[in-house]
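This report refers to the structure that appears directly beneath it.
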Amino acid sequence: MEIDAEYRSRYFDNAATTPVDPRVLEEMLPYFSEGFGNANSIHEPGRRARAGVDLARERVAQLVGANYPELVVFTSGATETNNWFLQSFSSVACSPFEHSSVLETVIASGGEVLENDHYRLFPPLRAKDLTAVMLVNNETGAIFPAYPLGNALFRDLTQAVGKIPLDEHAFDAGSFSAHKFYGPKGVGACF
């Protein structure tokens with residue numbers, strides 16, 4: 001089904017998802033036909049695909065203010081990233097305002113949901129290896145400051161990437177989904 005220009009001009013739910021930017025689509029199209037090599041193969045098509053992945057990793061690192069592109073791990077989206085990243089820590093706390101992919105993972109793993117007074121969060125009852133506090137709330141648009149609540153701070157950056165400067169906000173690791181800022185669905189990353 002073709003979405004006409006009039007409908008596009010009336011679409012106001014970019015917090016939920018965005019259309020793929022034509023420039024993004026143009027860069028991706030060659031990898032669906034002639035540049036389809038496996039990026040882990042040593043043959044020429046594989047090396048070309050690897051160069052494309054490396055370029056994408058460098059661009060994502062630049063986008064999130066990462067000095068080391070090799071620390072960017074591509075995933076299927078923030079939900080997957082949140083789930084596996086949070087489960088890799090033995091003690092985790094999170095704010096009660098998190099996306100369900102964070103909140104439910106923390107609860108299921110026996111982690112702590114932080115007490116709060118409106119948007120002011122209180123420290124965990126016991127020190128944690130990791131605290132998860134989203135940067136921008138997906139429902140209200142509230143921006144959460146970097147509270148000193150644990151040893152490491154994990155941020156769901158999904159609603160922030162491409163919208164606010166990330167280098168002005170503290171975090172040790174973060175997740176995001178490309179479809180929230182004009183990239184394709186099914187693509188995300190962890191830094």
Quick check on the hydrophobic clustering: are Val92 and Val113 connected, directly or via other members, by side-chain heavy-atom contacts under 4.5 Å?
no
Residue pairs fulfilling side-chain hydrogen bond (donor to acceptor under 3.5 Å, both in side chains) with at least one residue in residues 164-177, sequence neighbours excluded:
Asn82-Ser175
Using side-chain contact (heavy atoms from CB on, under 4.5 Å), reason through Glu104 and Ile107 one step at a time and then give a plain yes or no.
CA-CA 5 Å; Glu104 290 176 16; Ile107 291 170; 5.7 Å; no
Apply ring pair (Phe, Tyr, Trp, His ring centres under 6.0 Å) to Tyr182 and list each qualifying residue two or more places apart in sequence or on a separate chain.
none
Under a 4.5 Å side-chain heavy-atom rule over Ile, Leu, Val, Met, Phe, Trp and Tyr, are Val133 and Val106 clustered together?
no
Can you tell me how far the CG atom of Leu130 sits from the OG atom of Ser91, to the nearest 0.5 Å?
8.5 Å
CA sep, side-chain torsions, deciding dist, call: Thr79, His99, side-chain contact (heavy atoms from CB on, under 4.5 Å):
CA-CA 9 Å; Thr79 295; His99 184 273; 4.1 Å; yes
Set of residues satisfying side-chain contact (heavy atoms from CB on, under 4.5 Å) with respect to Pro145, sequence neighbours excluded:
Tyr147
Strictly distance-based, threshold 3.5 Å: is any side-chain N or O of Thr131 a donor or acceptor partner for the main-chain N or O of Leu153?
no
Tyr119: what forms a ring pair (Phe, Tyr, Trp, His ring centres under 6.0 Å) with it, not counting sequence neighbours?
Phe97, Phe144
Return yes if some donor-acceptor pair links the side-chain N/O of Lys180 with the main-chain N/O of Thr18 below 3.5 Å, else return no.
no
Minimum-distance pair of heavy atoms, taken over all atoms of Thr140 and Asn137
N-OD1, 2.8 Å
Heavy atoms, side chains only, cut-off 4.5 Å: are Asp54 and Pro69 in contact?
no
Any chance you could lay out the side-chain contact (heavy atoms from CB on, under 4.5 Å) test for Asn83 and Ser101, step after step, and finish with the verdict?
CA-CA 6 Å; Asn83 195 294; Ser101 65; over 6 Å; no
Cluster membership besides Leu135, Ile/Leu/Val/Met/Phe/Trp/Tyr side chains within less than 4.5 angstrom, sorted by chain and number, is Val53, Val60, Leu63, Val64, Tyr68, Leu71, Val72, Phe74, Val136, Ile143, Leu157, Val161, Ile164, Leu166, Phe171, Phe176, Phe181, Phe191
Quick one: hydrophobic cluster around Val187, which other residues, with the 4.5 Å side-chain cut-off, linked directly or via members?
none
Going by salt bridge (charged side-chain N to carboxylate O under 4.0 Å, His left out), name the pairs with one or both residues in residues 106-116, residues two or more places apart or in two chains.
Glu112-Lys128
Heavy-atom pair with the smallest gap, counting every atom of Pro184 and Val20:
CA-CG2, 3.8 Å
Rounded to the nearest 0.5 Å, how far does CG of Leu125 lie from CG of Leu114?
8.5 Å
Output all residues satisfying side-chain contact (heavy atoms from CB on, under 4.5 Å) with Ser76, sequence neighbours left out; order by chain, then residue number.
Glu80
Among pairs that include at least one residue of residues 20-41, which meet salt bridge (charged side-chain N to carboxylate O under 4.0 Å, His left out), considering only residues two or more places apart or in two chains?
Asp21-Arg23, Glu27-Arg59
Roughly how far, to the nearest 0.5 Å, is CD of Gln62 from CZ of Arg57?
15.0 Å
To the closest 0.5 Å, what do you measure between CG (Leu121) and OG (Ser95)?
5.5 Å
Mind checking side-chain contact (heavy atoms from CB on, under 4.5 Å) for Thr17 and listing every partner two or more places apart, or none if nothing turns up?
Tyr11, His179, Lys185
Determine the minimum heavy-atom distance between Leu103 and Pro96, stating which atoms define it.
CD2-O, 4.2 Å
Contacts satisfying ring-ring contact (aromatic ring centres under 6.0 Å, His included) that involve residues 16-65 (not counting sequence neighbours) are none
Backbone of Thr105 reached by a side-chain donor or acceptor of Gln87 within 3.5 Å:
no
Strictly distance-based, threshold 3.5 Å: is any side-chain N or O of Arg155 a donor or acceptor partner for the main-chain N or O of Ala173?
no
Which residues pass the side-chain contact (heavy atoms from CB on, under 4.5 Å) test with Asn67, sequence neighbours left out?
none
